[in-house]
Amino acid sequence: MNKTIIGALVGASVLAGGCGAVVREAERLAVRTSPSIGTPTSASSPSASSPPGSSPAGSPGAGDLKQAAQAALGAVPGSTLVSIETEENGRLWEVQVVGKDGTEHQLDVESGKVVAGPTTEQEDADDKAKHRARVSAAKLDYAQAADKIAAAVPEGRVTELNLDTEQGKTVWEADVIGADGAKHEVAVDAATGAVTRNNAATS
């Protein structure tokens with residue numbers, strides 16, 4: 001509908017119904033000639049722009065972590081993830097993976113793609129043996145651990161996950177940001193999958 005017709009209709013409305021009719025008619029025409037007006041867009045409706053199962057930055061779960069982990073593991077075939085954490089407000093993931101010989105490699109992942117690395121860490125034989133022992137003791141991989149941890153803090157987002165030793169046991173330790181913004185420290189037994197610690201971190 002062009003401006004001439006709109007103008008004619010608005011003019012007719014003035015004669016027929018006064019100023020109130022003009023406003024109503026103009027609003028009606030604006031909606032009819034511009035479908036986007038009054039219609040939610042992807043910007044105002046996040047769910048419309050995010051495919052099911054996706055986990056954009058800031059959303060609950062461990063989707064972003066898993067995506068970054070898969071990219072890193074793909075870049076170092078045969079490796080095992082031992083550490084992953086967000087950097088730069090969640091834009092970047094810093095990942096450490098260990099090869100079968102215990103050598104640790106570091107990579108940076110952004111948007112599911114490796115953007116730096118892998119670089120090999122210079123470690124001695126004892127460090128490599130320690131890595132191999134932890135990997136061997138862990139019956140849960142990073143993905144299973146991340147799921148356990150995400151379930152321990154409903155609506156939380158896992159921002160860091162590390163394979164470590166705590167009180168003589170191999171555990172997956174994690175930082176989780178809750179829906180209320182509070183940081184939680186969670187630990188899962190890497191052999192049994194039991195949650196051994198779930199504390200709100202103190203500043």
Practice problem: Kindly indicate, with the supporting measurements, whether the criterion side chain to side chain contact (heavy atoms under 4.5 Å, CB included) is fulfilled by Leu73 and Leu81. | Solution: CA-CA 7 Å; Leu73 290 168; Leu81 185 143; 4.2 Å; yes
Quiz item: Yes or no on side chain to side chain contact (heavy atoms under 4.5 Å, CB included) for Gln106 and Glu121, after CA distance, side-chain angles and deciding distance?
Solution: CA-CA 7 Å; Gln106 182 171 313; Glu121 297 293 319; 3.4 Å; yes
Exercise. Begin from the C-alpha positions of Val97 and Val82 and carry the test side chain to side chain contact (heavy atoms under 4.5 Å, CB included) through to its verdict.
Key: CA-CA 5 Å; Val97 299; Val82 295; over 6 Å; no
Practice problem: Start with the C-alpha distance between Lys130 and Val135, add both sets of side-chain angles, then the distance that settles side chain to side chain contact (heavy atoms under 4.5 Å, CB included), and finish with yes or no. | Solution: CA-CA 9 Å; Lys130 189 181 296 182; Val135 169; over 6 Å; no
Quiz prompt | Steps toward salt bridge (charged side-chain N to carboxylate O under 4.0 Å, His left out) verdict (Glu166, Arg197) | solution = CA-CA 11 Å; Glu166 184 176 88; Arg197 177 162 45 91; 2.6 Å; yes
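Look at Lys66 and Asp147 and you find a salt bridge, because one of the NZ, NE, NH1 or NH2 atoms lies within 4.0 Å of a carboxylate O, short of that distance.
Of all non-hydrogen atoms in Gly193 and Lys148, the two that sit nearest each other are O-CD, 3.5 Å. Heavy-atom minimum distance, Ala152 versus Asn198: O-ND2, 3.1 Å. Across all non-hydrogen atoms, the minimal contact from Pro154 to Ala151 is CD-O, 3.8 Å. Scanning all heavy atoms of the two residues, the minimum distance from Gly112 to Ala71 falls at O-CB, 3.4 Å.
Under a 3.5 Å cut-off, the side chain of Gln144 and the backbone N or O of Asp141 do form a donor-acceptor pair. A donor-acceptor pair under 3.5 Å is absent between the side-chain atoms of Asn199 and the main chain of His184, judged by distance alone.
For the atom pair CD of Glu94 and CD of Glu160, the computed distance is 9.5 Å after rounding to the nearest 0.5 Å. Separation of atoms CD (Gln122) and OG1 (Thr103) is listed at 9.0 Å; rounding is to 0.5 Å. Annotation: the span from Arg132 atom CZ to Asp127 atom CG amounts to 10.5 Å, rounded to 0.5 Å. Atom-to-atom distance recorded for Lys183:NZ and Glu185:CD is 6.0 Å, nearest 0.5 angstrom. Leu107 CG to Ser79 OG: the interatomic distance, rounded to the nearest 0.5 Å, is 8.0 Å. To the nearest 0.5 Å, the span separating CG on Leu140 from CH2 on Trp172 amounts to 9.0 Å.
A side-chain donor from one of Asn162 and Ser83 sits under 3.5 Å from a side-chain acceptor of the other. For the residue pair Glu104 and Gln96, no side-chain donor N or O sits within less than 3.5 Å of a side-chain acceptor on the partner.
Put simply, the side chain of Val186 does not reach to within 4.5 Å of the side chain of Glu173, judged on heavy atoms. The side-chain heavy atoms of Arg157 and Val176, taken from C-beta on, include no pair separated by under 4.5 Å.
Connection of Leu92 to Ile177 is not established within any shared hydrophobic cluster, with ILVMFWY side chains joined at heavy-atom distances below 4.5 Å, either directly or through further cluster members. Under the 4.5 Å side-chain heavy-atom criterion for grouping Ile, Leu, Val, Met, Phe, Trp and Tyr, Trp93 is connected to Val76 within one hydrophobic cluster.
Of the listed residues (Val153, Asp175, Thr86, Ile149), just one forms a side-chain contact (heavy atoms from CB on, under 4.5 Å) with Val158, and that residue is Ile149. Across Leu163, Val95, Leu161, Ile84, a single residue satisfies side-chain contact (heavy atoms from CB on, under 4.5 Å) together with Tyr142, and that is Leu161.
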